[in-house]
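Chain naming here is simple, since letters A, B, ... match the order of the sequence lines and numbering starts at 1 in each.
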Number of protein chains: 2
Amino acid sequence: MAEHNPSPEYLDPAKIIKIFDALSHPVRIKILGILYENRQYISELARIIGISRPLLYIHLRKLEEAGLVKASMEISSDGKATKYYELTHFDMRLTPQMLHEISKEINLEDEKSQ
Amino acid sequence: MAEHNPSPEYLDPAKIIKIFDALSHPVRIKILGILYENRQYISELARIIGISRPLLYIHLRKLEEAGLVKASMEISSDGKATKYYELTHFDMRLTPQMLHEISKEINLEDEKSQ
DNA sequence: TTCACATGTAATAATTATATTACATATGAA
DNA sequence: TTCATATGTAATATAATTATTACATGTGAA
């Protein structure tokens, strides 16, 4: 019983902060809104939103690292490699109490909280 | 009835994104956690967290602009001007559906969505 | 007057985030 | 072979965020 008792995943500050950071840009909210209606592949998603593909990669990486979207590579019927992105499930209630709980897990001296 | 029907406040993307942005830094979460327990004045808050006052101002500004904290200037019994910060009330549920609703209000051509 | 607090800002540096252009690869169809 | 489509990255430029140091003001108490 000498083990450290880790916080449940949903109380890990670094993870939660990654989620907030991922949601802090209109393009990324737009991406999530589009993926809510249907999964999309990268090139098509870039056309829908009207941004370049390299830029879309940057935004998708943040969303993926936050766990808000996930990718799956497929070979479509015409033989082309196609990478589809889709939403994951998430449900979080944002309240002062909840942030207080998160806050208690933050050690500002610690590198990994940053 | 030629007026534009504005979105309710809680669906304003710029406002919601400001909230997410305000929550995307561990120091700011820490601030909220401390203010949850008690209101604090600036110098004391800087000492508790262990950061410089100018830096604290930067973080407090973001939290205030997002509407997560509010300030009130007081003259304490010893005559010193003291600015107290306290939490506001907020309660938001974060789901794919909710982000989809927000997303529909985002016009990426529009400056004020940025 | 000097000290210990409180308020606030200006100027700068360092780092991270955002965005663009150019490049490279692979596939099927014309 | 050439074209149109898909994948991805490298290199660069610009802008925003984060953080520090130095400065300025005002008050009450010693």
Exercise for review: Go through C:dT7, C:dA6, C:dT18 for me and flag the one nearest to the B:K83 side chain.
Suggested key: C:dT7
**Study point:** Minimum-distance nucleotide (side-chain atoms of B:P54 versus C:dT9, C:dT7, D:dA6)
**Key:** C:dT9
Check your understanding: Out of C:dT7, D:dT7, C:dA19, which has the shortest distance to the side chain of A:S43?
Key -> D:dT7
**Study point:** Closest to the B:H25 side chain, choosing from C:dA17, D:dA19, D:dT17
**Key:** D:dA19
Practice item. Determine the sole option in A:Q40, A:E86, A:K30 for which the side chain to side chain contact (heavy atoms under 4.5 Å, CB included) test with A:L35 is passed. Key: A:Q40
**Study point:** Test side chain to side chain donor-acceptor pair (under 3.5 Å) applied to A:Y41 and A:E74, step by step
**Key:** CA-CA 10 Å; A:Y41 63 95; A:E74 293 183 14; over 6 Å; no
Exercise for review: Report, as yes or no, whether the 6.0 Å neighbourhood of atom CZ on B:R93 holds more than 12 heavy atoms from other residues, nucleotides or ligands.
Suggested key: no
Exercise for review: Would you indicate what B:I42 reaches in the nucleic acid, counting non-hydrogen atoms under 4.0 angstrom: base, sugar-phosphate, or nothing?
Suggested key: sugar-phosphate
**Study point:** Residue met sooner reading DNA chain D from 5', once B:G79 and B:R53 are mapped to nucleotides
**Key:** B:R53
Exercise for review: For A:R47, answer base if it contacts any base atom (sugar-phosphate contacts may also be present), sugar-phosphate if it contacts only those atoms, and nothing otherwise; contact means non-hydrogen atoms under 4.0 Å.
Suggested key: sugar-phosphate
Review point. When the nearest nucleotide of DNA chain C is assigned to B:K80 and to B:Y85 on a heavy-atom basis, which residue is associated with the more 5' position?
Key: B:K80
**Study point:** Closest-nucleotide ordering on DNA chain C, the 5'-leading residue of A:K62 and A:A81
**Key:** A:K62
Exercise for review: Have a look at A:Y41 and say if it touches a base, only the backbone sugar-phosphate, or nothing, with a 4.0 Å heavy-atom cut-off.
Suggested key: sugar-phosphate
Practice item. Counting heavy atoms from C-beta on, name the nucleotide in D:dT17, D:dT20, C:dT18 closest to the side chain of B:S52. Key: D:dT20
Check your understanding: Would you say B:K104 has more than 12 foreign heavy atoms packed within less than 6.0 Å of its NZ?
Key -> yes
